[in-house]
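Throughout, a chain's letter reflects where its sequence line sits, starting with A, and its residues are numbered from 1.
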Amino acid sequence: MKYWLLKTEPSTYAWSDLVKKKRDRWDGIRNHQARNNIAAMKAGDAALIYHSGEDKSVFGIARVVKAAYPEPGADDPRWLAVDIEAGRALDRPVTLAEMKQQKSLAGMGLLKQSRLSVVPLTKEEHDVIVKLGSG
DNA sequence: GCCAACGTTGGC
DNA sequence: GCCAACGTTGGC
């Protein structure tokens, strides 16, 4: 089982939208490195949902329910999408500033490459973020 | 194949 | 609003 962080602009698509739909397709990825990460996603993997822009926080935990497949309607069949399902919301959002303060997250992809929209996390990184958002 | 110009993303 | 980091485009 792998761990991921999916970034989204909340004015376009937010954690709350995923919660409403319960299950949805995560698509529109048009970056090769992000696509390579998408390609490695498997059903059962965990994905933290992060809002860029105004929020800059992790809001909830989603689960991959369908591994990468060609995105329907994409102009190039090599673009991929996955299906994810909303899991539980964090008790409180974990901000980017908080994550930056954590020594254990210093190597995290999100912090090193802020523009990448699909970022792999280690189990440790995932656990630290979830713990920060608990209680 | 190189590189300048330009566009986009996202943090500050 | 600005800037850094990238990606893309197009001239050569």
Cut-off 3.5 Å, no hydrogens considered: what does the side-chain donor-acceptor table look like for residues 126-135 of chain A, sequence neighbours left out?
from	atom 1	to	atom 2	distance (Å)
A/D127	OD2	A/K123	NZ	2.7
A/S134	OG	A/V130	O	2.7

Listed pairs under 3.5 Å, donor-acceptor, residues 18-25 of chain A side chains, sequence neighbours left out:
from	atom 1	to	atom 2	distance (Å)
A/R23	NH2	A/D83	OD2	3.4
A/D24	OD2	A/Y13	OH	2.7
A/R25	NE	A/Y69	OH	2.8

Below 3.5 Å, can you tabulate the donor-acceptor pairs from side chains in residues 55-62 of chain A to any protein atom, sequence neighbours excluded?
from	atom 1	to	atom 2	distance (Å)
A/D55	OD2	A/H51	ND1	2.9
A/K56	NZ	A/G53	O	3.1
A/S57	OG	A/D55	O	2.9

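Considering only heavy atoms from C-beta on, A/I84 comes within 4.5 Å of A/V82 through its side chain.
Heavy-atom distances under 4.0 Å link DNA chain C to A/N31 of residues 30-39 of chain A, given in residue order.
The backbone N or O of A/R78 sits less than 3.5 Å from a side-chain atom of A/R35, completing a donor-acceptor pair. Within the 3.5 Å criterion, the main-chain N or O of A/T95 finds a donor-acceptor partner in the side chain of A/E98.
A donor-acceptor contact closer than 3.5 angstrom links the side chains of A/Q113 and A/Q33.
Note that the first and last nucleotides of DNA chain C, 5' to 3', having any atom under 4.0 angstrom from a heavy atom of chain A are C/dA5 to C/dG7.
Screening residues 37-46 of chain A for side chain to side chain donor-acceptor pair (under 3.5 Å), with sequence neighbours left out, gives A/W4-A/D45.
Within 4.0 Å (heavy atoms only), A/Q113 reaches sugar-phosphate atoms of the nucleic acid but no base atom.
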